[in-house]
Enquirer: 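Next up is a structure, given as structure tokens.
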Amino acid sequence: MKIIGERYLSSENAHALFGKNNWSIYEPELNTVRGLAHRGADAIALYTSGDLAGTSRQVFDDKPHIGGIDVIAYEANPKFKGEGDINVYHSIVIPIANGRGDYVYRSVTYAQGARVPHYPKLEEVIKVYKEAFANDVEYSTLHFDKKTNLWIPRSEITGNQARASQFVFIGEGN
């Protein structure tokens, strides 16, 4: 598979991304992790699962890893056939001993490997992520305002801290 991005994470950054160590789905606060993930600046939702302790590794693209990140990003300027306004990326996180008894982490990003295709339909993202994570994450909303054609975090609507776990359209008919 083709690698489309790569970055290194400190131990502190990796722990900010992964809240649990048992491969349970975790949704970190988006504003605190935007700079840590591929397309993080455009992320409307970010989900992680893994085991930073490294006791139960998984393999993707022949690479053993201790964590995975799915980033659902807003694409303001679709360029390719079939591309809509949502792109989904999957990253794996590989530990690298730093010689001081700690680890740094290499995050390798792919267009494949997430629970939905790279260019999904909104309905597919809602269905798959909501159903897959219903038992593991707390749902709130992220709105797509049809009048302004923008994604609006619920925190900007209600003033509460948002998590983008569920997508709802506002506007006509809703």
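Just so we're clear, the structure is a prediction, and the values are computed from it rather than from any experiment.
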Enquirer: Would you give the length of the straight line joining atom OG of Ser107 to atom NE2 of His65, rounded to the nearest 0.5 angstrom?
Expert: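 Here the interatomic distance stands at 10.5 Å.
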Enquirer: Please report the closest heavy-atom contact between His90 and Gly68, naming both atoms and the distance.
Expert: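 So the two residues come closest at CE1-CA, 4.3 Å.
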Enquirer: Given the rule that I, L, V, M, F, W and Y join up when any side-chain heavy atoms are under 4.5 Å apart, are Leu52 and Tyr103 in one cluster?
Expert: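 Yes, because Leu52 and Tyr103 connect within a single hydrophobic cluster, where side-chain heavy atoms sit under 4.5 Å apart.
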Enquirer: Quick check against the 3.5 Å criterion: does Arg7 have a side-chain atom that pairs as donor or acceptor with the backbone of Gly35?
Expert: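 Yes, because the side chain of Arg7 sits within donor-acceptor range (under 3.5 Å) of the backbone of Gly35.
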Enquirer: I'd like to know if the side chain of Trp23 and the backbone of Gly67 have a donor-acceptor N/O pair within less than 3.5 Å.
Expert: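 A pair under 3.5 Å: no.
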Enquirer: With a 4.5 Å heavy-atom cut-off, do Phe80 and Pro78 have their side chains touching?
Expert: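 No, side chains not in contact.
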Enquirer: Any chain of hydrophobic side-chain contacts (each under 4.5 Å) joining Ile94 to Ile66?
Expert: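 The answer is no; the residues belong to distinct hydrophobic clusters.
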Enquirer: To the nearest 0.5 Å, how far apart are CG in Leu17 and NE2 in His15?
Expert: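 Interatomic distance, Leu17 CG to His15 NE2, rounded to 0.5 Å: 10.5 Å.
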Enquirer: Within the distance-only criterion (no hydrogens, no angle test), does the side chain of Asn22 pair as donor or acceptor with the backbone N or O of Ser24 below 3.5 angstrom?
Expert: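 Pair found, side chain donor or acceptor close to backbone of Ser24.
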Enquirer: Please round to the nearest 0.5 Å and tell me the distance separating atom CZ of Arg39 and atom CD1 of Ile44.
Expert: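 It is 10.5 Å, given to the nearest 0.5 Å.
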Enquirer: Will you find, in the side chains of Tyr89 and Asp70, an N or O donor that is under 3.5 Å from an N or O acceptor?
Expert: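 Asp70 and Tyr89 do not have a side-chain donor-acceptor pair below 3.5 Å.
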Enquirer: For Ile69 versus Ala37, what's the shortest heavy-atom pair and its separation?
Expert: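 In terms of heavy atoms, the two residues are closest at CG2-CB, 4.5 Å.
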Enquirer: Any idea which heavy atoms bring Pro95 and Arg57 closest together, and the distance?
Expert: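 Here Pro95 and Arg57 meet closest at CG-NH2, 3.6 Å.
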Enquirer: For Lys121, does the NZ atom sit with more than 12 other heavy atoms under 6.0 Å from it, leaving out its own atoms?
Expert: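 Result for NZ/Lys121: open.
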Enquirer: In the single-linkage hydrophobic clustering (I, L, V, M, F, W, Y; side-chain heavy atoms under 4.5 Å), do Val108 and Val71 co-cluster?
Expert: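 No: no chain of side-chain contacts under 4.5 Å links Val108 to Val71.
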Enquirer: Show the nearest heavy-atom pair for residues Tyr110 and Ile4, with the distance to one decimal.
Expert: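 Minimum heavy-atom contact is C-CD1, 3.8 Å.
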Enquirer: Looking at Phe60, I want to see if its CZ is surrounded by more than 12 non-hydrogen atoms of other residues, nucleotides or ligands under 6.0 Å.
Expert: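 Atom CZ in Phe60 is packed in, count exceeds 12.
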Enquirer: Looking only at heavy atoms, which two atoms of Tyr105 and Val93 are closest? And how far apart?
Expert: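 It is CB-CG1, 3.6 Å.
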Enquirer: Give me the one residue out of Leu36, Val33, Val104 that meets side-chain contact (heavy atoms from CB on, under 4.5 Å) with Asn13.
Expert: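 Result for side-chain contact (heavy atoms from CB on, under 4.5 Å) with Asn13: Leu36.
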Enquirer: Apply the test side-chain contact (heavy atoms from CB on, under 4.5 Å) to residues Tyr74 and Asn87: give CA-CA distance (whole Å), side-chain angles for both, the deciding distance (0.1 Å), then the verdict.
Expert: CA-CA 6 Å; Tyr74 173 68; Asn87 289 181; over 6 Å; no
Enquirer: Under the 3.5 angstrom rule, does the side chain of His38 hit a backbone N or O of Thr109 as a donor-acceptor pair?
Expert: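 It does not hold such a pair.
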Enquirer: Got a second to check how far Met1's CE is from Lys63's NZ, nearest 0.5 Å?
Expert: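 Spacing of CE (Met1) from NZ (Lys63) equals 8.5 Å.
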Enquirer: Any chance you could measure His118, atom NE2, to Ile86, atom CD1, to the nearest 0.5 Å?
Expert: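 One gets 12.0 Å once the value is rounded to the nearest 0.5 Å.
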Enquirer: Is it true that a side-chain atom of Glu124 and a backbone atom of Pro120 form a donor plus acceptor pair closer than 3.5 Å?
Expert: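 Side chain of Glu124 to backbone of Pro120, a donor-acceptor pair under 3.5 Å: no, none is there.
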Enquirer: Rounded to the nearest 0.5 Å, what separation is found between the OG atom of Ser49 and the CD atom of Gln58?
Expert: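 Result: 6.5 Å between the selected atoms.
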Enquirer: Quick check: closest heavy atoms across Pro117 and Val88, and the distance to 0.1 Å?
Expert: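 In this case the closest contact between Pro117 and Val88 is O-CB, 3.8 Å.
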